[in-house]
Amino acid sequence: LAMDGQGATSDPQLQQFIEVESQKQRFQQLVHQMTEVCWEKCMDKPGPKLDSRTEVCFVNCVERFIDTSQFILNRLEQTQRSRGSFSESMSD
């Protein structure tokens with residue numbers, strides 16, 4: 001890999017790789033968080049197998065967690081977009 005003064009970020013493949021890896025890391029953190037939250041919420045006493053009530057609780061918890069995460073991401077994107085257009089109009 002040749003360094004051309006601009007650093008490694010000028011390589012689009014490397015940028016793609018870094019983006020994919022950071023997405024994987026964010027996903028892992030999300031799964032870890034979700035597991036912790038849902039385990040605390042749903043698991044009364046660990047047994048040899050899940051009863052149906054616990055299973056339903058886990059499914060609902062995971063679905064709500066994903067919905068909430070998606071909502072927050074969408075809201076952040078909207079905020080960034082409106083900020084971006086605001087700062088562009090300020091510089092005109």
Side-chain angles (χ1 to χ4, degrees):
L1 187 68
M3 290 295 174
D4 55 0
Q6 293 179 338
T9 55
S10 63
D11 181 350
Q13 279 186 311
L14 185 59
Q15 273 185 311
Q16 176 77 27
F17 174 77
I18 290 169
E19 181 59 34
V20 168
E21 288 303 306
S22 62
Q23 280 178 348
K24 281 186 200 171
Q25 190 178 5
R26 285 193 296 269
F27 181 74
Q28 287 293 329
Q29 286 173 319
L30 203 64
V31 168
H32 181 74
Q33 245 182 323
M34 186 170 54
T35 303
E36 222 170 87
V37 167
C38 295
W39 182 269
E40 287 295 314
K41 182 171 176 39
C42 298
M43 196 46 118
D44 294 333
K45 45 190 181 301
K49 64 189 183 88
L50 291 179
D51 61 17
S52 60
R53 191 179 60 82
T54 307
E55 195 172 334
V56 167
C57 179
F58 271 117
V59 169
N60 287 335
C61 180
V62 168
E63 285 176 356
R64 293 302 71 76
F65 193 94
I66 291 170
D67 289 346
T68 304
S69 300
Q70 196 61 52
F71 173 78
I72 291 168
L73 273 175
N74 290 341
R75 183 53 67 94
L76 284 173
E77 280 177 14
Q78 286 173 349
T79 306
Q80 280 183 328
R81 269 201 298 272
S82 63
R83 261 203 205 124
S85 60
F86 177 72
S87 61
E88 284 166 21
S89 64
M90 291 293 284
S91 63
D92 286 347

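The chain is numbered in sequence order, starting from 1.
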Hydrophobic cluster (4.5 angstrom, side-chain heavy atoms) - remaining members for Trp39: Met43, Leu50, Phe58

Distance, nearest 0.5 Å, that separates [atom1] of [X] from [atom2] of [Y]:
X: Ser82; Y: Glu77; atom1: OG; atom2: CD; value: 12.0 Å
X: Lys45; Y: Asp51; atom1: NZ; atom2: CG; value: 8.0 Å
X: Asp11; Y: Ile18; atom1: CG; atom2: CD1; value: 9.0 Å

Gln16 side chain near Val20 side chain, heavy-atom distance below 4.5 Å: yes

ILVMFWY network linking Val37 to Met34, side-chain heavy atoms under 4.5 angstrom: yes

Residues at least two apart in sequence or cross-chain that pass salt bridge (charged side-chain N to carboxylate O under 4.0 Å, His left out) with Asp44, listed by chain then number, are Arg53

Suppose we screen for salt bridge (charged side-chain N to carboxylate O under 4.0 Å, His left out). Which residues come up paired with Glu19, at least two apart in sequence or across chains? Arg26

Is the SG-SG separation for the cysteine pair Cys57 and Cys42 below 2.5 Å? yes

Is the closest side-chain donor-acceptor distance between His32 and Gln28 under 3.5 Å? no

Given the rule in the side-chain contact (heavy atoms from CB on, under 4.5 Å) test, do Phe65 and Leu30 qualify, once you have shown the distances and angles that lead to the verdict? CA-CA 9 Å; Phe65 193 94; Leu30 203 64; 3.8 Å; yes

